[in-house]
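Worth saying up front: this structure is predicted, and the values here are computed from it rather than measured.
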Amino acid sequence: MIGIDPKTGKTVTGATALNCRFAKVLTTEVSSRVKRRGVGNRAVSRLGKQQTPTESMIVQNLTLEALSNPLNGLTDYQGIQCQAIPHLNGFRVKVSGTWRGEPLQLSGAL
């Protein structure tokens, strides 16, 4: 997997590229991208609500749903556990799973 780091503009490969792709999917609202309306995470629409344990659980479920959406290009990563922790004005999301048979943790801010 090859990608571009949005912060530095440098080419990244492997797990780093996967983490960059995850961060992009995590913060993209579904139907916001022209010609790619299915790409994104429905959890973005949950921002602005109170950061309760129930809201954390909803964000976790919607993030795992986004990982399994083939349009997001993350289906080669199998998420096993997801944690949404209240952080500033949103959530810090951590997903533990496997990628290419190796354990890998993805994280990002929502």
**Prompt:** So, Thr98 side chain and Gly101 main chain: donor-acceptor pair closer than 3.5 Å or not?
**Reply:** no
**Request:** Give the minimum heavy-atom separation between Val93 and Cys82, together with the two atoms involved.
**Result:** CG1-SG, 3.9 Å
**Item:** Gap separating the CZ atom of Arg21 from the CD1 atom of Ile2, nearest 0.5 angstrom
**Value:** 10.5 Å
**Prompt:** Any chance CD1 of Ile80 has more than 12 other-residue heavy atoms, nucleotides or ligands included, within less than 6.0 Å?
**Reply:** yes
**Prompt:** From Ile85 CD1 over to Leu110 CG, what is the distance, rounded to the nearest 0.5 angstrom?
**Reply:** 12.5 Å
**Asked** Which distance, rounded to the nearest 0.5 Å, do you find between the CD of Gln83 and the CZ of Arg92?
**Response** 12.0 Å
**Message:** In the structure I gave you, are the side-chain heavy atoms of Glu55 and Gln50 within less than 4.5 Å of one another anywhere?
**Reply:** no
**Prompt:** Applying the 4.5 Å side-chain criterion to the ILVMFWY set and letting contacts propagate, would Leu26 and Leu67 be lumped into a single cluster?
**Reply:** yes
**Other residues, nucleotides, ligands: >12 heavy atoms within 6.0 Å of Asp76 CG** = yes
**Asked** Does the Tyr77 side chain pair with the main chain of Leu18, one donor and one acceptor, at a distance under 3.5 Å?
**Response** no
**Asked** At their closest point, which heavy atom of Val59 faces which heavy atom of Ala84, and how far apart are they?
**Response** CG1-CB, 3.9 Å
**Message:** Please determine whether residues Val95 and Val39 belong to a single hydrophobic cluster, defined as Ile, Leu, Val, Met, Phe, Trp and Tyr linked transitively by side-chain heavy-atom distances below 4.5 Å.
**Reply:** no
**Message:** What's the separation between atom CH2 in Trp99 and atom CD in Gln105, rounded to the nearest 0.5 Å?
**Reply:** 15.5 Å
**Item:** Least distance between heavy atoms, Gln51 atom then Pro86 atom
**Value:** OE1-CB, 3.6 Å
**Message:** Under a 3.5 Å distance rule, please check whether Ser32 uses its side chain to pair with a backbone N or O of Thr28 as donor and acceptor.
**Reply:** no
**Smallest separation among heavy atoms of Ser107 and Lys94, with atom names** = CB-CG, 4.0 Å
**Item:** Nearest-0.5 Å distance that lies between atom CZ in Phe22 and atom CG in Leu104
**Value:** 10.5 Å
**Prompt:** Only one of Val30, Thr63, Asn69, Ile58 forms a side-chain contact (heavy atoms from CB on, under 4.5 Å) with Arg42, so which one is it?
**Reply:** Val30
**Asked** Between Asn72 and Leu74, is there a donor-acceptor pair closer than 3.5 Å when you use the side chain of the first and the backbone of the second?
**Response** no
**Message:** How close do Ser31 and Arg37 get, counting heavy atoms only, and between which atoms?
**Reply:** O-NH1, 2.6 Å
**side chain to side chain contact (heavy atoms under 4.5 Å, CB included) between Arg36 and Leu71, intermediate numbers included** = CA-CA 8 Å; Arg36 298 189 70 196; Leu71 296 174; 5.9 Å; no
**Asked** What do the steps show when you test Val12 against Cys20 for side chain to side chain contact (heavy atoms under 4.5 Å, CB included), and what is the final call?
**Response** CA-CA 9 Å; Val12 291; Cys20 288; 4.3 Å; yes
**Fill in**
CD of Gln60 to CD of Glu65, rounded to nearest 0.5 Å, is 14.0 Å
